[in-house]
Amino acid sequence: MFHADRTLDHWRWKYRDDPFGGTHISLVFASDGELVAHYAGYVVPFVDRREGHRPDFVGLHIGDTMTHPSYRHIGRGPTSLLARAVAHFYAHSSEQRVAFNYGFNTGNIQRFSVRFLRLQHLEDITAWTLGADAAMPREPSAYEIERVTEVSGEWDELFESAAVHYGVLVRRDARYVRWRYLECPDRHHRIYGVRLRGRLVGWGAFRPIDADQVCGDAFFERDHAQAAGPLIDHVRSTAPQAALTLWSPRRPAWWIETLTNLGFTAGPEPHDLALMAVPFLVQEPARDLVPGLFYSRGDGDLF
């Protein structure tokens with residue numbers, strides 16, 4: 001009935017085993033005990049490295065929301081079962097606890113959420129595509145690419161040194177990368193580190209989705225942004241007939257310059273997805289956070 005394939009291991013990983021805080025799930029039951037509505041979010045750690053701004057805060061990514069088809073006729077708008085689950089979730093998991101709830105959605109759920117659930121449209125998603133016919137390989141490089149199966153303190157060091165050049169973003173340190181990608185039980189992400197003379201200067205997360213190779217996350221030191229080129233070439237060599245796609249807002253400027261130089265072209269996300277948020281401790285995210293916000297597809301649960 002739920003139009004996504006979710007194993008029990010996936011539910012446990014996403015909600016119970018989130019190292020940043022769990023479990024945040026609100027459920028609605030019928031009088032006979034049948035589960036009829038579900039609304040859930042998982043904790044995501046953020047930092048704001050812009051001068052003069054708050055350094056750390058958390059958001060809740062709203063993931064799996066559903067109502068049993070046989071009960072969708074009960075209530076309308078704010079009295080629907082889903083809206084009741086959301087009201088419970090806001091009261092018990094969001095108010096005075098998180099900066100905002102957020103997600104990437106479209107269509108009917110977006111319109112319903114804006115009208116009845118206080119959701120705000122922050123911006124449309126920009127998709128970047130590198131066609132299968134793009135030139136490769138590039139000139140030989142001193143950067144070394146490695147497949148990653150474990151992360152250590154050097155990933156924390158990379159994040160702390162590089163985050164200032166991004167602004168507002170998810171805390172992509174070792175603990176986050178380990179949980180979000182390496183421990184994910186059913187998505188089989190491929191994580192690659194990029195090194196120069198043994199030092200970690202960047203990394204990326206990839207997996208095939210439909211006919212494309214998808215870069216769900218990438219993080220580099222600004223002074224080594226060009227290292228994205230050898231990484232992209234390496235990944236493309238494993239699937240030379242596939243286009244490579246990723247999400248990125250049009251910031252920071254140095255990262256957009258890097259994508260453009262690599263041959264990526266920008267366009268609307270094919271499903272008209274948008275970044276949406278419900279503000280709590282940060283009451284004006286569009287004004288206070290978005291101008292410095294960096295995000296990727298991996299910051300949601302669509303990767």
Side-chain angles (χ1 to χ4, degrees), residues 18-20 43-59 61 99 128 138 141-184 189-206 215-235 246-262 264 282 288-300 303:
D18 179 352
F20 306 101
V43 180
V44 180
F46 283 83
V47 302
D48 189 341
R49 289 295 185 258
R50 298 173 298 174
E51 186 176 356
H53 290 74
R54 67 171 66 199
D56 301 288
F57 57 93
V58 297
H61 180 273
W128 297 79
R138 304 174 210 280
S141 168
Y143 293 104
E144 300 175 350
I145 313 300
E146 63 179 6
R147 181 74 180 268
V148 173
T149 58
E150 183 52 86
V151 291
S152 63
E154 64 181 336
W155 291 65
D156 299 335
E157 296 170 4
L158 171 63
F159 180 79
E160 291 303 329
S161 66
V164 67
H165 298 298
Y166 284 84
V168 185
L169 73 162
V170 170
R171 178 181 285 279
R172 289 164 163 79
D173 58 10
R175 184 166 65 152
Y176 176 82
V177 173
R178 183 181 301 113
W179 168 73
R180 178 62 184 86
Y181 299 119
L182 295 176
E183 294 179 353
C184 182
H189 302 107
R190 289 175 292 134
I191 313 300
Y192 295 98
V194 185
R195 295 181 180 274
L196 181 64
R197 293 185 290 275
R199 188 173 72 86
L200 184 70
V201 299
W203 58 269
F206 301 82
C215 177
D217 210 340
F219 186 76
F220 287 87
E221 291 184 351
R222 183 180 64 178
D223 292 345
H224 293 281
Q226 68 271 23
L231 174 59
I232 293 300
D233 283 348
H234 178 81
V235 172
L246 59 84
W247 292 0
S248 178
R250 296 179 184 270
R251 55 188 176 270
W254 60 268
W255 177 240
I256 299 309
E257 181 180 2
T258 298
L259 295 179
T260 302
N261 290 341
L262 290 174
F264 282 87
V282 176
D288 297 335
L289 296 179
V290 168
L293 181 63
F294 172 79
Y295 54 86
S296 68
R297 184 165 176 164
D299 291 352
F303 174 71

Distance from [X] atom [atom1] to [Y] atom [atom2], nearest 0.5 Å?
{"X": "Arg199", "Y": "Tyr143", "atom1": "CZ", "atom2": "OH", "value": "9.0 Å"}
{"X": "His224", "Y": "Thr258", "atom1": "NE2", "atom2": "OG1", "value": "12.5 Å"}
{"X": "Cys215", "Y": "Trp247", "atom1": "SG", "atom2": "CH2", "value": "12.5 Å"}
{"X": "Phe206", "Y": "Leu231", "atom1": "CZ", "atom2": "CG", "value": "4.0 Å"}
{"X": "Asp173", "Y": "Trp155", "atom1": "CG", "atom2": "CH2", "value": "11.0 Å"}
{"X": "Ile232", "Y": "Tyr192", "atom1": "CD1", "atom2": "OH", "value": "11.0 Å"}

Using the test side chain to side chain donor-acceptor pair (under 3.5 Å), find all partners of [X] that sit at least two apart in sequence or belong to another chain.
{"X": "Arg251", "answer": "Glu123"}
{"X": "Arg297", "answer": "none"}
{"X": "Glu146", "answer": "Arg195"}
{"X": "Tyr176", "answer": "none"}

Among residues at least two apart in sequence or on other chains, which ones pass salt bridge (charged side-chain N to carboxylate O under 4.0 Å, His left out) with [X]?
{"X": "Arg49", "result": "Glu160"}
{"X": "Arg175", "result": "none"}
{"X": "Glu150", "result": "Arg178"}

Tell me, please, which residues at least two apart from [X] pass side-chain contact (heavy atoms from CB on, under 4.5 Å).
{"X": "Leu182", "value": "Val151, Ile191"}
{"X": "Glu157", "value": "Glu154"}
{"X": "Arg50", "value": "Asp48, His53, Val168, Leu289"}
{"X": "Ser296", "value": "Arg172, Asp217, Asp299"}

Taking all non-hydrogen atoms of both residues into account, name the closest pair between [X] and [Y] and its distance.
{"X": "His61", "Y": "Gly300", "result": "NE2-CA, 3.3 Å"}
{"X": "Ala99", "Y": "Phe57", "result": "CB-CD1, 3.4 Å"}
{"X": "Gly298", "Y": "Tyr181", "result": "CA-OH, 3.4 Å"}
{"X": "Leu262", "Y": "Ala228", "result": "CD1-CB, 4.0 Å"}
{"X": "Phe220", "Y": "Ala225", "result": "CB-CA, 4.4 Å"}
{"X": "Ser248", "Y": "Leu259", "result": "CB-CD1, 4.3 Å"}

Kindly check if the number of other-residue, nucleotide or ligand heavy atoms within 6.0 Å of CD (Glu183) is above 12?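 Counting other residues, nucleotides and ligands, CD of Glu183 exceeds 12 neighbours.
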Can you confirm whether Arg147 is buried at CZ, in the sense that more than 12 heavy atoms of other residues, nucleotides or ligands lie under 6.0 Å from that atom?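 Enclosed: over 12 neighbouring heavy atoms sit under 6.0 Å from CZ of Arg147.
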Using modelled atom types and a 3.5 Å cut-off, is there a donor and acceptor pairing between side-chain atoms of [X] and backbone atoms of [Y]?
{"X": "Asp156", "Y": "Ala174", "value": "yes"}
{"X": "Arg222", "Y": "Trp254", "value": "no"}
{"X": "Asp18", "Y": "Val43", "value": "yes"}

Step by step, would you call Val194 with Ile145 a side chain to side chain contact (heavy atoms under 4.5 Å, CB included)? CA-CA 5 Å; Val194 185; Ile145 313 300; 3.9 Å; yes
Taking the side chain as every heavy atom from C-beta outward, state whether [X] and [Y] have any pair of such atoms under 4.5 Å apart.
{"X": "Leu293", "Y": "Pro249", "answer": "no"}
{"X": "Phe264", "Y": "Ile256", "answer": "no"}
{"X": "His165", "Y": "Pro252", "answer": "no"}
{"X": "Arg171", "Y": "Asp56", "answer": "yes"}

Might you work through the side chain to side chain contact (heavy atoms under 4.5 Å, CB included) test for Phe303 and Leu246, ending with a clear yes or no? CA-CA 10 Å; Phe303 174 71; Leu246 59 84; over 6 Å; no
For Trp179, enumerate each residue passing the ring-ring contact (aromatic ring centres under 6.0 Å, His included) test, keeping only those at least two apart in sequence or located in another chain.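 Expected list: Trp13, Tyr42.
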Given Phe294, which partner from the list Phe219, Tyr166, Phe46 fulfils the ring-ring contact (aromatic ring centres under 6.0 Å, His included) test?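 Among Phe219, Tyr166, Phe46, the one meeting ring-ring contact (aromatic ring centres under 6.0 Å, His included) with Phe294 is Tyr166.
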